[in-house]
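Naming: A, B, ... by sequence-line order, numbering from 1 per chain.
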Number of protein chains: 2
Amino acid sequence: MKTSQRAFSLLESSGYKVTSQRQIILEIILNNREKHMSAEEIHEKANKSNADIGLATVYRALELFEELKIIHKMNFGDGRSRYELWEEEHHHHHLICTSCHEVYEVAEDLLDVLEHKIENKYKFKISGHQLKFYGVCYNCKEDKKDES
Amino acid sequence: MKTSQRAFSLLESSGYKVTSQRQIILEIILNNREKHMSAEEIHEKANKSNADIGLATVYRALELFEELKIIHKMNFGDGRSRYELWEEEHHHHHLICTSCHEVYEVAEDLLDVLEHKIENKYKFKISGHQLKFYGVCYNCKEDKKDES
DNA sequence: TTTCCTGCAAAGGCTTTGCATAGGG
DNA sequence: CCCTATGCAAAGCCTTTGCAGGAAA
């Protein structure tokens with residue numbers, strides 16, 4: 001469980017306290033990689049398996065984790081923010097199904113060439129990116145059976 | 001002013017009415033390409049130069065335009081949705097400065113290869129994409145003067 | 001005339017904030 | 001002990017909705 005160690009020393013060295021609530025919240029995120037949970041969902045999970053944590057505390061912890069680059073806030077267009085581990089090189093993309101609204105992760109990155117081009121042409125120092133593809137996933141294709 | 005013609009025939013053929021409010025709202029969007037305006041900003045502009053349009057009407061028009069693929073709703077992480085013309089092949093990306101929060105547009109696309117790869121590997125039929133780069137823009141670079 | 005549209009205000013949903021208490025270092 | 005963190009409830013935003021009057025077709 002390296003990630004949590006790193007995260008907590010980061011908290012300490014930044015002058016923040018390692019509270020039980022923060023530990024629980026981070027643990028939930030770690031145990032649910034690739035789930036893109038909302039604050040509400042994290043809150044529910046926390047209170048299902050542990051003591052009572054206030055929703056406001058969840059929001060404050062998430063804000064802090066984001067500031068420390070432990071997690072990433074994202075938006076998939078459903079009106080609430082979703083969170084994901086930062087992952088050193090968080091070089092993956094998301095496929096969002098416009099039919100069932102499922103979100104899939106894609107390992108490929110391949111944006112390096114494009115990034116360099118943009119950095120030079122626009123004099124813009126890139127520190128991160130977020131790429132979403134919209135479309136219809138395998139499970140939602142009408143002609144799914146024909147493909148067997 | 002081709003785009004608005006196309007938009008209004010689309011409205012009619014879909015059974016919606018061409019009202020003055022919808023015309024004004026679309027006109028504002030057309031006259032402010034690349035501005036990524038929020039509903040509130042469109043509302044302000046509308047009431048500055050014209051009669052009174054309710055904010056709810058703006059939201060309803062934007063929702064309709066999005067459904068008809070006349071515009072695109074996006075999210076730049078500032079808590080409100082922003083809108084942009086659909087533009088047949090809306091193949092451009094956004095540079096978001098983490099310092100001044102300005103949003104720039106990039107003409108390059110170059111995602112075709114990646115898209116095909118993903119379509120095949122994940123059996124996902126892609127219909128659109130959205131790519132955001134985060135970083136520091138030219139105007140916010142500290143070493144700006146050294147580069148002259 | 002009929003049906004859809006608009007404005008207003010109220011309601012909704014997510015997120016943030018104020019304040020008194022609890023708890024980490 | 002001191003100072004930050006938490007919980008609760010209230011407040012803040014952005015967005016959506018209900019409803020009665022108004023405007024397209």
Side-chain angles (χ1 to χ4, degrees), chain A residues 4 7-28 36-48 50-68 70-83 101, chain B residues 4 7-28 36-48 50-68 70-83 101:
Chain A
S4 55
F8 292 132
S9 12
L10 197 53
L11 272 182
E12 288 179 333
S13 63
S14 306
Y16 298 108
K17 293 178 179 173
V18 178
T19 65
S20 64
Q21 289 89 338
R22 286 173 181 167
Q23 293 185 63
I24 292 170
I25 291 168
L26 181 59
E27 188 124 335
I28 289 172
H36 315 107
M37 284 183 294
S38 66
E40 187 67 50
E41 287 167 347
I42 294 171
H43 180 235
E44 277 175 21
K45 269 194 198 294
N47 290 353
K48 198 160 286 175
N50 300 284
D52 291 302
I53 296 181
L55 180 55
T57 300
V58 174
Y59 274 107
R60 282 187 279 233
L62 291 172
E63 183 185 24
L64 178 59
F65 292 164
E66 203 199 354
E67 180 195 320
L68 296 177
I70 295 168
I71 61 172
H72 238 224
K73 186 199 268 187
M74 17 191 87
N75 189 295
F76 293 134
D78 62 348
R80 75 208 64 187
S81 294
R82 294 181 172 279
Y83 301 85
H101 302 100
Chain B
S4 56
F8 292 132
S9 13
L10 198 53
L11 273 182
E12 287 179 334
S13 64
S14 305
Y16 299 108
K17 291 176 178 171
V18 178
T19 66
S20 64
Q21 289 90 336
R22 286 173 180 168
Q23 293 185 62
I24 291 171
I25 292 168
L26 181 60
E27 188 126 335
I28 289 173
H36 316 106
M37 285 183 292
S38 66
E40 185 67 51
E41 288 167 346
I42 294 171
H43 180 235
E44 278 174 22
K45 269 194 198 292
N47 290 354
K48 198 161 288 176
N50 300 286
D52 292 301
I53 296 181
L55 181 54
T57 301
V58 174
Y59 275 106
R60 283 187 279 232
L62 291 173
E63 182 185 23
L64 177 59
F65 292 164
E66 203 198 354
E67 181 195 319
L68 296 177
I70 294 169
I71 62 174
H72 238 225
K73 187 200 268 189
M74 13 192 89
N75 188 296
F76 293 135
D78 62 347
R80 75 208 62 191
S81 293
R82 294 181 172 281
Y83 302 85
H101 302 98

_I'd like to know whether B:Lys45 forms a side chain to side chain contact (heavy atoms under 4.5 Å, CB included) with B:Ile42, so could you lay out the CA-CA distance, the side-chain angles of the two residues, the decisive distance to 0.1 Å, and finally the verdict._
CA-CA 5 Å; B:Lys45 269 194 198 292; B:Ile42 294 171; 5.8 Å; no
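- With rounding to whole Å, B:Arg82 atom CZ is found 10 Å from D:dC14 atom P.
- If you measure from atom CD of B:Gln21 to atom P of C:dC8, you get 11 Å, rounded to the nearest angstrom.
- DNA chain C is contacted by both B:Leu64 and A:Asp78; B:Leu64 maps to the nucleotide lying nearer its 5′ end (nearest heavy atom per residue).
- In this structure, A:Ser81 reaches the sugar-phosphate backbone alone: every heavy-atom distance under 4.0 Å involves primed, P, OP1 or OP2 atoms, never a base.
- Out of C:dC14, D:dT6, D:dT16, the shortest distance to the side chain of B:Lys73 is found at D:dT16.
- If you measure from atom CD1 of A:Ile53 to atom C1' of D:dG7, you get 11 Å, rounded to the nearest angstrom.
- For the OP1/OP2 pair of C:dG23 and a distance below 4.0 Å, the side-chain nitrogens and oxygens of A:Ser20 include no atom meeting the criterion.
- Using a 4.0 Å cut-off, some side-chain N or O of B:Tyr59 falls inside it from OP1 or OP2 of D:dT15.
- Distance check, rounded to the nearest 0.5 Å: OG1 of B:Thr57 to CG of B:Leu62 gives 10.5 Å.
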*CA sep, side-chain torsions, deciding dist, call: B:Phe8, B:Gln23, side chain to side chain contact (heavy atoms under 4.5 Å, CB included)*: CA-CA 8 Å; B:Phe8 292 132; B:Gln23 293 185 62; 3.5 Å; yes
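- In this structure, B:Lys17 places its NZ atom 13 Å from P of C:dT2, rounding to the nearest Å.
- Between B:Arg60 atom CZ and C:dG7 atom C1' there is a gap of 8 Å when expressed in whole angstrom units.
- In this structure, A:Ala46 and A:Ile24 approach most closely via the heavy-atom pair CB-CG2, 4.3 Å.
- At the phosphate of C:dG24, neither OP1 nor OP2 sits under 4.0 Å from any side-chain N or O atom of A:Thr19.
- For B:Ala56, taking side-chain heavy atoms from C-beta onward, the closest of the listed nucleotides C:dA9, C:dT6, D:dA5 is C:dA9.
- Residue B:Asp52 contributes atom CG, which lies 7 Å from atom P of C:dC8 at whole-angstrom precision.
- In this structure, the CD atom of A:Glu12 is 14 Å from the C1' atom of D:dT4, given to the nearest Å.
- At the heavy-atom level, A:Arg22 lies under 4.0 Å from the strands shown only through sugar-phosphate atoms.
- Going from atom CG of A:Asn75 over to atom P of C:dC14 covers 13 Å, rounded to whole Å.
- Using a 4.5 Å cut-off on side-chain heavy atoms (C-beta onward), A:Arg22 and A:Phe65 make contact.
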